[in-house]
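Both backbone and side-chain heavy atoms feed into the values below; hydrogens, waters and symmetry mates do not. Here is the naming used below: chain letters follow the sequence lines, and residue numbers restart at 1 for every chain.
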Amino acid sequence: MPVPETLGPRVALHLLNRAGYGPRPGDLESLLDTGPTKWIEEQLDPGSDPELDTRLAGYTTLGYPTSQVLALYNADNRTVGVILDEFLNAKVVRSVHGRNQLQEVLVDFWFNHFNVFVNDGFDRYSISSYERDAIRPNVFSSFRELLGAATLHPAMLYYLDNYLNTVPRVVSGRTLGGINENHGRELLELHTVGVDAGYTQTDVVEASRCLTGHGIDNIGQTGNYLYRSANHDNNAKQVFGLAVPGGGGESDVQKLLDYLAVHPATARYISKRLAQRFVADDPSEALVSRLADVFLRTNGDLREVTKALFGSAEFWAEAFGAGKPKTGLEFVISTLRAVGANVQIPRTARTAIQDSGMPLYACNPPTGFSNRGADWMNPSAQLYRMNFALDLAAGRVAGVTADVGGLIRSGGGDPGNPSSAAAAINKVVFGRTLSAASLAAAARVTTSGSVSVQARVAGLLLAGPEMQVR
Amino acid sequence: MTWDVSRRVFLRGAGLAAVGVGMAPSSLLVRTAQAAGAGPKVLVKVFLRGGADGLNFCVPYGDSEYYNLRQGIGLPRPGQAGGVVNLDGYFGMHPQFAPLAPYFQDGRLAFIHAVGNPGLTRSHFDAQDYMESGTPGDKQTATGWLDRAIGQIPGREVTQAVSFSAQLVRSFLGPEPVLVAQTLTSFDLRAPNWRAEAEGRLTEMYQSDSTQVGTTGLETFEAINTLLRAPAPLPANGAIYPAGNTGNALRQAAGLIKTGVGTRCIYVNVGGAFDTHSNQLQGNINDYRPLGLALAAFATDLGGMLDDVVLMVTTEFGRTAAVNGAAGTDHGTGYAMLVLGGRVRGGRVLGQWPGLSRSQLYQNRDLAATTDFRDVFQEVARAQFGIGASLFPGYTPGAGVGVV
């Protein structure tokens, strides 16, 4: 695997920006010391993170099963607000402070791939379980395990209406229930083989028939997965080349997932999505093919596919490209990390992410948020990002403390001297990749007035073009 | 994707010229007052993302099959409780569009039924892509149809095209500048006590970046300055916009039109619950109530300036003609469009009605599409921008449906 033996600061910054949410102060130096191979290995096999555990210790509801959330809600409907608040805050804290950065990025990536919508009724109560039980444990599993966990989780069964997808039954002359195509279609289009795989409307209906009967025991009280055989269409099905014999009952969906999880079209589709997230908006055909080969050879071992990404020449070549525009989440988290922020109350950061067009867990359509950086470049998003950076540098982000002066001193700079401060930030935050124009602009800031030099210099550099890309 | 950067730079200067350097807000208001009905023509596209069901949007209550297909989710006939608002004795509009009834009566509102996408797909993604690129069946088209349209009208100020959306929409993809914003309220750099310096230094930094990041940064500063110099007026004529994204976007859209910052094309992205796979009746009420109120407020607010505007409401596909097992409908084909404007030839439901009997349905399941959406888009672009040549590569649009 052609991981470079030694890294310059530009390449080290690239790795931290792509495999994680960017460097915290000291991360660049530390990576330059340990070398990329060991760092990548550690990230692919995440260990314990006691510091993060301590930070999350006060978040007592993160482990609640859906049934407990519902019980608390039914006793007092204000409780769900507290529970959701902790869930959303934990996302920010883990991303900013967690040492297993690749794991956090992958949880975000796979959640988005198997998107559900936090404001969709029952999903308010089950979304925490969905990420915790279906997504997070499986980002380094096989794709089949991840697919199975996501497909049959009550949050997904609700979001894509599969809890209503039943064989039509005639009861005293009236037809009750019927096929609901929503989940069957998105399973093919978005979750596995992709829209260009060549399946037909008939395949959508047949996939939906396999999914009939898989639902939720009681949406208002317990919220657990339940298969109801009476709601299942038990006749034979034919889905996109797979023959499912009649009488299979609840195993129909397992056969379908077994088949789709290692389908060559799935291997390509998933590989392309991963390459889009980690390498480029329009990844090369050669890279997608190689990743798809690894996917098929390993039966969809996601650790191996992810590892192959970092072993690709395309990944490392991107260190010298124009960069991939950050999403709103990536910008806010990376900026907080850049200044070594201590995030005590993440609410303001969450608002900034939302204002950038990416409200956490609140992408309504099943497509999830775009993986393409270009889609996140627009004046409104840029303005919100610049303002967040200016606020952060000036100490105006509520609930967040950041020692910008200390950051500058850690890079050997003088916080009161514009060019010295800019040089230090260039070293610690940007791996010396800032353009001459950016350094010159920062060096020319006013040194008098009510706004400190360090707030001006750090504000400009964090709001500038280099911070907008990863 | 990279664009010809030379066409996009120096936007800031262009924006200032459009407004008039040094023009006081009061003279802008004077210009606004004089401009009623004689200003630049504006196209507004409201996109209902998710596949809005045409049959409960513009309801064919006169088609006997409608109530057979829609058991449990059929909207009652006009005059009945919860019934549709009669349009022409055969079609009625969703009851939540009642605030728009006066505009249909005086001929400024039209519906077009059974519009559709000839590159048939029931994928949200593909159908939206085809509708916005304007090239059904071809996903490789690099530009959006509105980008191609505004490329043919003079002026390059960033406020010429405005998209109220969280992201750049596919319709605007391409080399023309577009201001994308969820809201234009407080659209300014937040650098108290050093704002001018921050803007100056950041402009230098973004000018030196030759990628999309740099050009977008310069567009941001241009937009800030244009909007600061031409603050949007308050709603006029007693218009009251409903709370929520659609109302906010249309209020700001009317503000841009009234202010006269050169805006010719506005896109309002509506991300409601149009993908009504279940419980459709309630979902439609939740979405159409603010939509009906917002459109009526928009028309009220603009007053005579509505003569300059053609607003069309569209979606990516219709839904199955029959109810599914969950009091909802699945992805389908033909849908209905709504068109509002002072010079719209309204008071009619346009298009060819294909019927709802099983043999008339597309693939025995969907409302068939009898009008290619590109014909309508071209017709509106012709009326508002004077564009005669096809905006749709590989396709020669027909005469349209006579809506404008």
So for [X], is it side chain, backbone, both, or neither that comes closer than 4.5 Å to the heavy atoms of chain B?
X	value
A/T446	both
A/V204	neither
A/M386	side chain
A/D120	neither
A/D161	side chain
A/N364	side chain
A/L439	neither
A/E181	both

Between [X] and [Y], what is the shortest heavy-atom contact and its length?
X	Y	answer
B/R122	A/Q201	NH1-OE1, 3.2 Å
A/S370	B/Q167	CB-OE1, 4.0 Å
B/A166	A/N378	O-ND2, 3.4 Å
A/P379	B/L179	CB-CD1, 3.6 Å
B/R201	A/A441	CD-O, 3.2 Å
A/L390	B/A191	CD1-CB, 4.3 Å

Working to the nearest 0.5 angstrom, can you tell me the gap between [X] [atom1] and [Y] [atom2]?
X	Y	atom1	atom2	answer
B/R190	A/F388	CZ	CZ	9.5 Å
B/T216	A/Q382	OG1	CD	5.0 Å
A/L188	B/S123	CG	OG	11.5 Å
A/L383	B/E219	CG	CD	13.0 Å
A/S450	B/W194	OG	CH2	11.0 Å

Residue among [options] with most heavy-atom pairs under 4.5 Å to chain A:
options	result
B/L168, B/L184, B/T329, B/D126	B/D126
B/A273, B/A181, B/G50	B/A181
B/E204, B/R170, B/Q71, B/R49	B/E204

Q.
Can you tell me if B/N245 has over 12 outside heavy atoms packed within less than 6.0 Å of its CG?
A. no

Q. Which residues pass the side-chain contact (heavy atoms from CB on, under 4.5 Å) test with A/A394, sequence neighbours left out?
A. A/R396, A/A455

(Q) Just to be sure I understand the criterion: a residue of residues 316-326 of chain B counts if one of its heavy atoms is under 4.5 Å from a heavy atom of chain A. Which ones qualify? (A) B/N324, B/G325, B/A326

Q.
For residues 276-286 of chain B, give me every residue with a non-hydrogen atom less than 4.5 Å from any non-hydrogen atom of chain A.
A. B/H277, B/S278

Residue selection (most heavy-atom pairs with chain B, distance under 4.5 Å) from [options]:
options	answer
A/N165, A/T166, A/I179, A/N180	A/N180
A/L160, A/V469, A/V451	A/V451
A/D196, A/L434, A/L190, A/L461	A/D196

Kindly indicate whether the side chain of [X], heavy atoms from C-beta on, has any atom under 4.5 Å from the side chain of [Y].
X	Y	result
B/F125	A/V195	no
A/N387	B/L189	yes
A/E186	B/H124	yes

Q) Hey, are A/R444 and B/E197 close enough for a salt bridge, meaning a charged N less than 4.0 Å from a carboxylate O? A) no

Q | Pair B/D330 + A/R185: basic N to acidic O under 4.0 Å | A | no

Q.
Heavy-atom cut-off 4.5 Å, strictly under: side chain, backbone, both or neither for B/R365 against chain A?
A. side chain

Q. Side chain, backbone, both or neither: which part of B/I224 has a heavy atom under 4.5 Å from chain A?
A. side chain

Q) With sequence neighbours left out, which residue pairs that include part of residues 460-470 of chain A fulfil the side chain to side chain donor-acceptor pair (under 3.5 Å) condition? A) A/E330-A/R470, A/R385-A/Q468, A/S435-A/E466, A/S438-A/E466, A/Q468-B/Y206

